[in-house]
Protein chains: 2
Amino acid sequence: MPAANRPTSRDVAQEAGVSQSTVSLVLGGKWAGRISPGTAAAVQEAAGRLGYRPNQAARNLRLGTTRTVLLMVPTLTAPFFGAVYAGAARVAAEHGFGIVVYPWPENAGPADSPFAAPGEAIDGILASSMPVQVLAPFQGTPVVMLDSDPAGPVPTVDFAVADGMRAVAAHLGALGHRRIGHVAAAIGQWTFRERGEALAAAVRALPGGAYGRQEAALDVGAAKDAALRLLDGPLRPTALVCDDDLMAAGAYKAARARGLPVPGGLSVTGFDDLQLATALEPELTTVRLPAADLGAHGMAALLELLEGRRPVPRSLPGELVVRGSTAEPPA
Amino acid sequence: MPAANRPTSRDVAQEAGVSQSTVSLVLGGKWAGRISPGTAAAVQEAAGRLGYRPNQAARNLRLGTTRTVLLMVPTLTAPFFGAVYAGAARVAAEHGFGIVVYPWPENAGPADSPFAAPGEAIDGILASSMPVQVLAPFQGTPVVMLDSDPAGPVPTVDFAVADGMRAVAAHLGALGHRRIGHVAAAIGQWTFRERGEALAAAVRALPGGAYGRQEAALDVGAAKDAALRLLDGPLRPTALVCDDDLMAAGAYKAARARGLPVPGGLSVTGFDDLQLATALEPELTTVRLPAADLGAHGMAALLELLEGRRPVPRSLPGELVVRGSTAEPPA
DNA sequence: CTGTTAGCGCATTCAA
DNA sequence: TTGAATGCGCTAACAG
């Protein structure tokens, strides 16, 4: 018997000397001009005294909703998504919603039925950094996509990643860099395509600018290899722009392997501004992406959607944070 | 109207030509010797055909349980806890349970009532790496604590952190280190007390062993300062043992600030083996803590508890991972 | 202004 | 071996 015997709305009604429906109205906040202020106050007070909390299960059954949304993320072992969750959870809590997290495709295992576990009892979905196709099994459920192609069929909240990359290119360009290598994430996602296109265009717009590109999986070792290919290739880059802070760590390793000091011999930039950015030595010049804000605005948009309104697409600005990993190119 | 009209058990009953209660019995798996195999099969088949999934809200209301557990973690923006969640969620899903995460005290804000958001509708609690006191508002709810004092009043699943620290000390001792500094987390938690005591004892047990200790908050900058105090102090350590990988990154910075190469001039060790450990240069010698296993075993223990059994306390072994940050002390 | 009533979908007695 | 009836706690339509 897990649940202690909590007071019900009937108990409150009895305590306040009114009927159960009156309690429901008052506590539901919709008694404006239907219940006398005196009675309302009495009910509130009785509820407080008893420590009454409505039974969610009953509420859900009656209303046909759950006040729960699903947050789909590619993985939870990346701190970025922890921040997204935190932001979303804060807004959700303010509106009496809960969030259940679903790492996809990490859990794409048994598939007895898609989403056996959390698939039930969901009012809406927040899907971060994934292809639209994964939402196919959820036809009809309101969805807001985060960090995804705003041209898609569902409402989105995004980062202005293109602006971020342009800021990186401008910063590097002002320092005097012209031959710039891109350690790109080998992930077919809007956010990375966007970064790549923006960077390539910006670098090529530099007088004498030359852009090179190598792709790698999102981990240190693969990024190091890609950086090495760039350093050993024909471009002879003086700066390496990485799609993400973790990849920048790989670039540091590549630089060290070739005897190039950062930033004296090679400038390196990241993207995200995770804790890792300041753990590295030297500290990383990177673009700060407000992950918590992404979650918060996404949740707000989903709430609008659930109320029947159409949320306007939003794009959150990133901010270039200049630290110790960028300097003038070697003479 | 968020929820599409899903079939109910009544629909299944109609489809199978039986009564609703029969459906309930069959699908509940308790028809052994009460329903004829033929009828049972017909019901199963009808349910499958209709794609029937029981309505959780109704089920919860009737049963008084929620098949949901609360996972309390200090923060979600640390990848360690993401892994704990993933492990717990996997086991939970196998048993038809869901998990809602609650970062505490991050959300300890409004406090209109303790845990307004997720406090309802919870069958049990998994609390990782926190003091017992935070569970005071949840008297009566089954709890399993993770990474906490096993001598406490509730069932626990832990890491053998003391063994881990002894392995670190043995490794360092074998390399020839005698003067060992401890960059300790300034957090009053069992897991850190345990680490500190084990390390101090193990170092002092070394012939000629000397132990020094400085505390710092769990971030890079504070850890760097603490490491600096150790390096500048009377101990003149040849190795710095850190309570956590992030603090080790701070120790790297301190070493660099004093012109000491790692590992040639100073050996450094961490704890946890997060992604950061291999992002650093040189890669970090550390103790791998199986975070996902912690979550998995914790969830299993909680399920036992919910079934009325008393889970046996468990301690998961850590593993020393020797990488490039430790070497013989300078001559 | 307030109370009575019905029913959300399910598991479970009890009667047949 | 099965079906009819009941109620979990809540909200909302309808009466008074």
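Computed from a predicted model, the values in this text were never measured in an experiment. Chain identifiers are assigned alphabetically (A, B, ...) following the order of the sequence lines, protein sequences preceding nucleic acid strands; residue numbering begins at 1 within each chain.
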Whole-Å distance between C/dC14 C1' and B/Arg34 CZ? 12 Å
Which part of the nucleic acid, if any, lies within reach of A/Leu25 when heavy atoms closer than 4.0 Å are counted: base, sugar-phosphate only, or nothing? nothing
With a 4.0 Å limit, can you tell me whether B/Thr8 has a side-chain N or O closer than that to the phosphate oxygens OP1/OP2 of C/dG9? no
I want to verify a distance call: between D/dA4, D/dA12, C/dG3, whose nearest atom is closest to the A/Thr22 side chain? C/dG3
What is the distance, rounded to the nearest whole Å, between atom CG of B/Leu61 and atom C1' of D/dC8? 4 Å
With a non-hydrogen cut-off below 4.0 angstrom, is B/Val18 in contact with a base, only sugar-phosphate, or nothing? sugar-phosphate
Starting at CZ of B/Arg53 and ending at P of C/dC10, how long is that distance when rounded to a whole Å? 12 Å
Rounded to the nearest Å, what distance is computed from the CZ atom of residue B/Arg10 to the C1' atom of nucleotide D/dA5? 13 Å
Tell me the closest heavy-atom pair linking B/Ala16 and B/Ala42, and the distance in Å. CB-O, 4.1 Å
Among C/dC10, D/dG9, D/dG3, the nucleotide that comes nearest once only the side chain of B/Ser9 is considered: C/dC10
Among C/dT2, C/dC10, D/dA12, find the nucleotide with the atom closest to the side chain of A/Ser36. C/dT2
So does B/Thr66 get a backbone contact from the side chain of B/Asp123, meaning a donor-acceptor N/O pair under 3.5 Å? yes
Counting side-chain heavy atoms from C-beta on, which of C/dT4, C/dC8, D/dC10 comes nearest to A/Tyr52? D/dC10
Quick one: which of C/dT2, D/dC10, C/dG9 gets closest to the side chain of A/Thr39? C/dT2
Grab the two heavy atoms, one from A/Pro74 and one from A/Ser129, that are nearest each other, plus how far apart they are. CG-O, 3.6 Å
Take the protein atom CG of B/Leu63 and the nucleotide atom P of C/dC10, then report the distance between them rounded to whole Å. 12 Å
B/Asn60 CG to C/dC10 P: how many Å, rounded? 12 Å
Out of D/dA12, D/dC8, D/dG9, which has the shortest distance to the side chain of B/Arg62? D/dC8
What integer distance in Å separates B/Arg59:CZ from D/dG9:P? 17 Å
Closest approach to the side chain of B/Pro54, judged atom by atom: which nucleotide of D/dC10, C/dC10, D/dG3 is it? C/dC10
Mind listing the closest non-hydrogen atom pair of B/Ala300 and B/Val91 along with its distance? N-CG1, 4.1 Å
So which atom in B/Pro142 and which in B/Leu302 form the shortest heavy-atom distance, rounded to 0.1 Å? O-CD1, 3.9 Å
5'-most contact on DNA chain C (nearest-nucleotide basis), B/Gly28 vs A/Gln20, goes to A/Gln20
Take atom CG of B/Asn55 and atom C1' of D/dC10, then tell me their distance rounded to the nearest Å. 14 Å
Taking only the side-chain heavy atoms of A/Ser21 (C-beta and beyond), determine which of C/dG3, C/dT2, D/dC8 contains the nearest atom. C/dG3
